[in-house]
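Have a look at this one.
Computation of the quantities below employed the complete heavy-atom set of this structure, encompassing side-chain atoms and omitting hydrogens, waters and symmetry-equivalent molecules.
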Amino acid sequence: MTYHAKSEFMRVMIERGFLADCTDYQALDEALVKGTLPGYIGFDATAKSLHVGSLIQIMMLRWLQKSGGKPIVLMGGGTTKVGDPSFRADERPLLGPEQIDENIAGIRKVFTSYVQFGDGPNDALMLNNAEWLDGLNYLDFLRDIGRHFSINRMLSFESVKSRLDREQSLSFLEFNYMILQAYDFLELNRRYGCLLQMGGSDQWGNIVNGIDLTRRVLDNQIFGLTSPLLTTSDGKKMGKSQSGAIWLNADMLSPYEFWQFWRNTTDADVGRFLKLYTELPLDECDRLGALQGSEINAAKVILANEVTTLCHGAEAAAAAEATAREVFEKGGTGDDLPTFAVTAAELADGVSVSSLFVKSGLAKSGKDAKRLIAEGGARLNDEPVTEAGQMITAADLAAPIKLTAGRKRHALIVLG
């Protein structure tokens, strides 16, 4: 990217690695300089929380607000009823209205940590596309909106093409998704003066559709900007770990586990992640990312603290770091470890240690737990577990016991 940005937002997007593509760099840059530019990203309400795979988009909205723009968080209360087929091998499960509303309430909690909502010109808005999608008349929509879409062109988009090339079914319901998303951009422009849609690079086709539709219907110029689809240096998709999704809501993943995810970042990713997920100055990100050997571990702690502070607050970050230090350096149990309760009834005949590894999420299955034990990777109160059938009784849980998988994953089991 050789374009030299005039606006702070575009400069941040380019310099920190957020930018994959843009429909018109110069025109968007000039529009950003002129005044408060409203920009949006859409999030479907498929779960009660977003995970770290969405964090790059959340940070883009945060930077938009910090640089004088107006972030719009668009919740897909309407489109979640259809499901985005982009790069999926199968159809998404369909959710009912009550579950969708519950999910939206959970997701809103995430955003209050990153953007400021309110009525000011620069304050963020959270909108729900059910506001305009739920009341659509099907025949009117086909006549007024559907006529602007070419099936030939829609079939050429990579998100659809890849599904069809694998000879996997694509329902008519899902095929409508890209029309609905394009219509969202049209309505946001008409109702709120929104000039920019952002998203991952897998959304490029949907974003371009919305720009084209808005030009045809309203004759307005609007813009699209995408971020790279992020993978770790070892090729894994961001958002997942060995133990499952890295959720952003504390009630779905403890701040300690969230902190630990970032502390376990691969050496090669530290500098890039500091630029994307923290607000540290660029030269500091480069300096920390260039550290070698054991020194890079200090950079990983800084990364974990900065990201956890943004998501969960400074106190949660400090508590997580203290717990990690106690667990790793002093062999203690730590007050902030993920904790799982076992009832006295469950312990009546004893519980095998392998089943506790499964219960705590340190192993995916009994077979996985037995393999972990056989390979010497399981510990109970810092002592190696040698027998998968070792039984734990109520007497053993007079005090909490700490389970460890490998070197870095821990959990507490308590009598509940």
Has the side chain of Arg16 got a donor or acceptor atom that lies under 3.5 Å from a matching backbone atom of Lys275?
yes
Calculate, to the nearest 0.5 Å, the distance between atoms CZ and OG belonging to Phe357 and Ser352 respectively.
10.5 Å
Do the non-hydrogen side-chain atoms of Leu127 and Val73 ever get within less than 4.5 Å of each other?
no
If we check side-chain contact (heavy atoms from CB on, under 4.5 Å) with Asn189, which of these qualifies: Asp184, Ile211, Val217, Ile222?
Ile222
Is the positively charged end of Arg108 above the ring of Phe117, judged by distance under 6.0 angstrom from the centroid and angle within 45° of the axis?
yes
Just wondering, do Phe9 and Leu37 contact through their side chains at under 4.5 Å, heavy atoms?
no
Relative to the ring of Tyr277, is the ring of Phe273 parallel (under 30°), tilted (30 to 60°) or perpendicular (over 60°)?
perpendicular
Under the 3.5 angstrom rule, does the side chain of Ser49 hit a backbone N or O of Leu248 as a donor-acceptor pair?
yes
Any donor-acceptor N/O pair, Lys70 side chain to Gly120 backbone, under 3.5 Å:
yes
To the nearest 0.5 angstrom, please state how far the CZ atom of Phe185 sits from the CG atom of Asp212.
12.0 Å
Does any part of the side chain of Trp63, heavy atoms only, come nearer than 4.5 Å to the side chain of Glu279, both counted from C-beta?
yes
Checking the side chain of Thr266 only, and the main-chain atoms of Ala268 only, is there a donor and an acceptor separated by less than 3.5 Å?
no
Examine distances only and state if a side-chain atom of Asn249 and a backbone atom of Gly106 form a donor-acceptor pair shorter than 3.5 Å.
yes
Side chains of Gln57 and Ser227, donor plus acceptor under 3.5 Å
yes
Could you check whether any side-chain N or O of Gln65 sits under 3.5 Å from a backbone N or O of Asn122, counting only pairs where one atom can act as donor and the other as acceptor?
yes
Might you work through the salt bridge (Lys or Arg N to Asp or Glu O under 4.0 Å) test for Glu321 and Arg263, ending with a clear yes or no?
CA-CA 9 Å; Glu321 184 185 0; Arg263 169 61 182 80; over 6 Å; no
Distance-only, no hydrogens or angles: does the Thr226 side chain make a donor-acceptor pair with backbone N or O of Ser201 under 3.5 Å?
no
Donor-acceptor contact present, side-chain Asp29 to main-chain Ser7, <3.5 Å
yes
